[in-house]
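Please read the structure below before turning to the comments.
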Amino acid sequence: MKKLRIGWFSFSCCEDSTIIFTELLNEHFAQWRKLLDIRAMLVLQKKEDMTSLDVAFVEGAVTSRDQSDKLKLIRNRAKKLVAIGSCACIGMPSAQRNLFNAETKAEIEAILTRFKYSEKVLKLSEVVPIDDQVPGCPMNEKIFLNILDKYLKEFKIDA
Ligand code: SF4
């Protein structure tokens, strides 16, 4: 039976939306096991298969060149990309350091260099086009479920 091939990815953030999604997995497991093929989700499995995703859900903001490259790869491999949570949608609160004054920026300079962080923290849409977004900090469950339902219908996935 055809399933929706999804991936769940986290960039710089506290991963609270991942926790919400795992709670939802507990609640909806009986139904979703027939509908979802989870190809990538590091909290569930180490192996990431990104060969061909229907939908990629991405939380967190982009803080380094490596993350930016990985997001571009995900965008390349996924038919749809959904920004999950405020950090992914608008950058904040992960992007707080963008607002630091010159003195505080100078103080964190060594950390940025050491961990190869970029000068500016970016929301997902500053790096790649996104198809949908789930706002909230953490993500709004109801909006997430509506978007998931929309893609199940669009990709003609039926239990
Ligand atoms: S949007 Fe909120 S809950 Fe989600 S990663 Fe950012 S800070 Fe955490």
Side-chain angles (χ1 to χ4, degrees), residues 4-27 36 38-151 154:
L4 190 71
R5 294 162 66 100
I6 67 165
W8 184 278
F9 305 94
S10 300
F11 289 109
S12 291
C13 66
C14 69
E15 302 193 35
D16 275 11
S17 294
T18 296
I19 293 168
I20 300 269
F21 181 61
T22 50
E23 300 270 357
L24 288 169
L25 269 175
N26 282 337
E27 235 173 86
L36 302 181
I38 302 175
R39 314 292 298 183
M41 185 174 186
L42 282 177
V43 292
L44 294 184
Q45 59 206 14
K46 283 217 171 85
K47 202 175 131 221
E48 279 194 332
D49 176 3
M50 296 199 292
T51 42
S52 171
L53 296 172
D54 294 322
V55 188
F57 298 100
V58 183
E59 75 170 335
V62 177
T63 53
S64 67
R65 168 67 76 85
D66 284 354
Q67 289 186 356
S68 175
D69 289 346
K70 180 157 186 197
L71 181 59
K72 286 174 188 166
L73 181 67
I74 294 167
R75 175 68 277 186
N76 237 337
R77 302 283 170 83
K79 295 183 185 88
K80 303 286 178 185
L81 191 145
V82 182
I84 294 289
S86 172
C87 291
C89 297
I90 61 167
M92 294 296 261
S94 279
Q96 282 179 63
R97 71 173 163 86
N98 291 352
L99 307 177
F100 285 179
N101 60 25
E103 190 188 342
T104 313
K105 276 186 178 155
E107 270 180 44
I108 64 166
E109 189 60 44
I111 298 169
L112 300 192
T113 306
R114 183 169 169 208
F115 295 101
K116 298 193 175 115
Y117 288 137
S118 312
E119 192 64 30
K120 193 172 167 240
V121 180
L122 303 172
K123 59 183 175 180
L124 301 193
S125 62
E126 288 176 289
V127 182
V128 296
I130 61 168
D131 299 290
D132 264 306
Q133 51 185 349
V134 182
C137 179
M139 70 167 179
N140 179 301
E141 277 184 41
K142 195 164 174 290
I143 297 174
F144 173 77
L145 289 171
N146 285 342
I147 286 177
L148 180 61
D149 196 43
K150 177 181 118 172
Y151 285 125
E154 193 172 318

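Everything numeric in this text was worked out from a predicted model, so none of it was measured. Residue numbers run from 1 in the order of the sequence given.
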For residues [X] and [Y], determine if any side-chain heavy atom of one lies less than 4.5 Å from a side-chain heavy atom of the other.
X    : Y    : result
L24  : E141 : yes
S86  : P135 : no
L148 : L36  : yes
L124 : L81  : yes
L25  : I38  : yes
F57  : F21  : no

Could you list all the side-chain hydrogen bond (donor to acceptor under 3.5 Å, both in side chains) pairs where at least one residue sits in residues 94-109, not counting sequence neighbours?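 Listed by first then second residue: N101-T104.
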
side-chain hydrogen bond (donor to acceptor under 3.5 Å, both in side chains) contacts in which one or both residues fall within residues 58-69, not counting sequence neighbours: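 Only S10-E59, S12-T63, S12-Q67, T18-E59, T63-Q67 qualify under side-chain hydrogen bond (donor to acceptor under 3.5 Å, both in side chains).
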
Can you name the side chain to side chain donor-acceptor pair (under 3.5 Å) partners of Y151, sequence neighbours left out? D132

Who are the side chain to side chain donor-acceptor pair (under 3.5 Å) partners of N26, not counting sequence neighbours?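 N26 satisfies side chain to side chain donor-acceptor pair (under 3.5 Å) with no residue once adjacent residues are dropped.
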
With rounding to the nearest 0.5 angstrom, report the [atom1] to [atom2] distance, [X] to [Y].
X    : Y    : atom1 : atom2 : value
L71  : N76  : CG    : CG    : 10.5 Å
K120 : L112 : NZ    : CG    : 14.0 Å
C89  : I84  : SG    : CD1   : 7.5 Å
W8   : L42  : CH2   : CG    : 13.0 Å

In terms of heavy-atom contacts, G91 and A61 come closest through O-CB, 4.1 Å

Can you name the nearest heavy-atom pair linking F9 to I74, along with the distance?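 Closest pair (atom of F9, atom of I74, distance): CG-CD1, 3.6 Å.
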
Under the salt bridge (Lys or Arg N to Asp or Glu O under 4.0 Å) test, which residues partner K70, sequence neighbours left out?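 Partners of K70 under the salt bridge (Lys or Arg N to Asp or Glu O under 4.0 Å) test: E48.
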
What's the verdict on side-chain contact (heavy atoms from CB on, under 4.5 Å) for R5 and T51, showing C-alpha distance, side-chain angles and the deciding distance? CA-CA 10 Å; R5 294 162 66 100; T51 42; 3.9 Å; yes

Does anything in residues 72-83 pair up under salt bridge (Lys or Arg N to Asp or Glu O under 4.0 Å), and if so which pairs, sequence neighbours excluded? D54-K79, R75-D131, K80-E154

